[in-house]
Amino acid sequence: KQLHAEEIDFREHEAKLQKLIDSQTVSSNSLRIAPLAPIFDQEAFQAQVDKLQSLASKAETIANRTKRAIAQKMERDPSFYLNFSKILDDVIGAWRVGRISDAECLEQVTDVMNKVRDRMDADVPPELQENDAAEAFYGVVNDVFGRLKTPPPDVRKIATETALKIDRIIQETMVVDWTLKPDIQNEMRNQIDDCLYELKKHCGLDLGFDDMDFIIESSINIARNNYD
């Protein structure tokens, strides 16, 4: 029962899934999937999964479709989706080598799917909840701060404040069609750079130029995908 979850050919997977469904249902005319519903269409997707009889086929379908959703949403919040992509890979790897049963795999991939669909992340500070872009900025900033040789003891607090400042910069600077205007994007870059420089000076963070550039470019890309 191989999972195609690392470099998935989704069309190939769905063709295989249709054959699987045809073999498990009395009449293949009773269920033609074209195409399989996305996990975000919760009712339609669950109805299709319920048509599958084996736990393994349900787990495989949920895992593959969750992988596809992650790939489609990755640019909106790289830290969030990459984290759950790795968790899903770990579950799939454990299933492949037989460390967990079909039932355990189904339970775990369903949990990942629900968290991806509902954007559930217990690590997000409450100040950022209900603000998808700020959450995404926080993920990038917190990851960078956490990798510093001497991260500050209040790294989460500083990362939260920085994420909110970046979000404010983006929202106050953007104009209609800003993603097509390099001058507006450069203004955003300059202001975020100033924000990070002040952070270095007042909080004593040993942010390098590469760290700052990564935060700046990641923030612009996140903004493009959240504030188009």
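As the structure is a computational prediction, the values presented were derived from the model and not from experiment.
Closest approach of Thr66 to Val116, counting heavy atoms only: CG2-CG2, 4.2 Å. Between Ala59 and Val109 the shortest heavy-atom distance is O-CG2, 3.9 Å. Between Leu82 and Met74, the shortest heavy-atom contact is N-SD, 3.7 Å.
Salt bridge status for Asp132 with Arg119: present, with a side-chain N to carboxylate O gap under 4.0 Å. By the 4.0 Å N-to-carboxylate-O rule, Asp177 lies too far from Lys181 to be salt-bridged with it. Salt-bridge formation is detected for the pair Lys157/Glu161: a Lys NZ or Arg NE/NH1/NH2 atom is positioned less than 4.0 Å from an Asp or Glu carboxylate oxygen.
Side-chain contact of Tyr227 with Asp167: a donor-acceptor pair under 3.5 Å is present, judged by distance alone. No hydrogens or angles considered: a donor-acceptor pair under 3.5 Å links the side chains of Asn226 and Arg76. In this model, a donor atom of one side chain and an acceptor atom of the other lie less than 3.5 Å apart for Gln191 and Glu187.
By the 4.5 Å heavy-atom criterion applied to side chains, Asp102 and Ser54 are not counted as neighbours. The shortest side-chain heavy-atom distance between Tyr138 and Pro125 falls under the 4.5 Å cut-off. Using a 4.5 Å heavy-atom threshold, the side chains of Glu217 and Arg189 count as touching. Two residues are said to be in side-chain contact when any heavy atoms from C-beta on lie closer than 4.5 Å; Ile170 and Phe137 meet this criterion.
Residue Phe84 forms a side chain to side chain contact (heavy atoms under 4.5 Å, CB included) with just one option from Met120, Lys67, Lys115, and that option is Lys115.
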Please walk me through it: do Gln46 and Asp50 pass side-chain hydrogen bond (donor to acceptor under 3.5 Å, both in side chains)? CA-CA 6 Å; Gln46 189 60 51; Asp50 288 343; 2.8 Å; yes
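Distance check: Arg99 CZ to Cys105 SG gives 11.5 Å after rounding to the nearest 0.5 Å. Here the CG-OG1 distance, from Leu148 to Thr150, works out to 6.5 Å after rounding to the nearest 0.5 Å. Note: Asn83 CG to Leu88 CG = 11.5 Å, rounded to the nearest 0.5 Å. One finds the NZ atom of Lys200 at 9.5 Å from the CG atom of Leu196 (value rounded to the nearest 0.5 Å). To the nearest 0.5 Å, atoms CE (Met113) and CG (Leu106) are separated by 9.0 Å. Distance CD/Glu135 to OG1/Thr160: 10.5 Å, rounded to 0.5 Å.
The environment of Glu127 atom CD is dense: over 12 non-hydrogen atoms of other residues, nucleotides or ligands sit within 6.0 angstrom.
The cationic group of Lys73 lies under 6.0 Å from the six-membered ring centre of Phe40 and within 45° of the ring axis, placing it in a cation-pi geometry.
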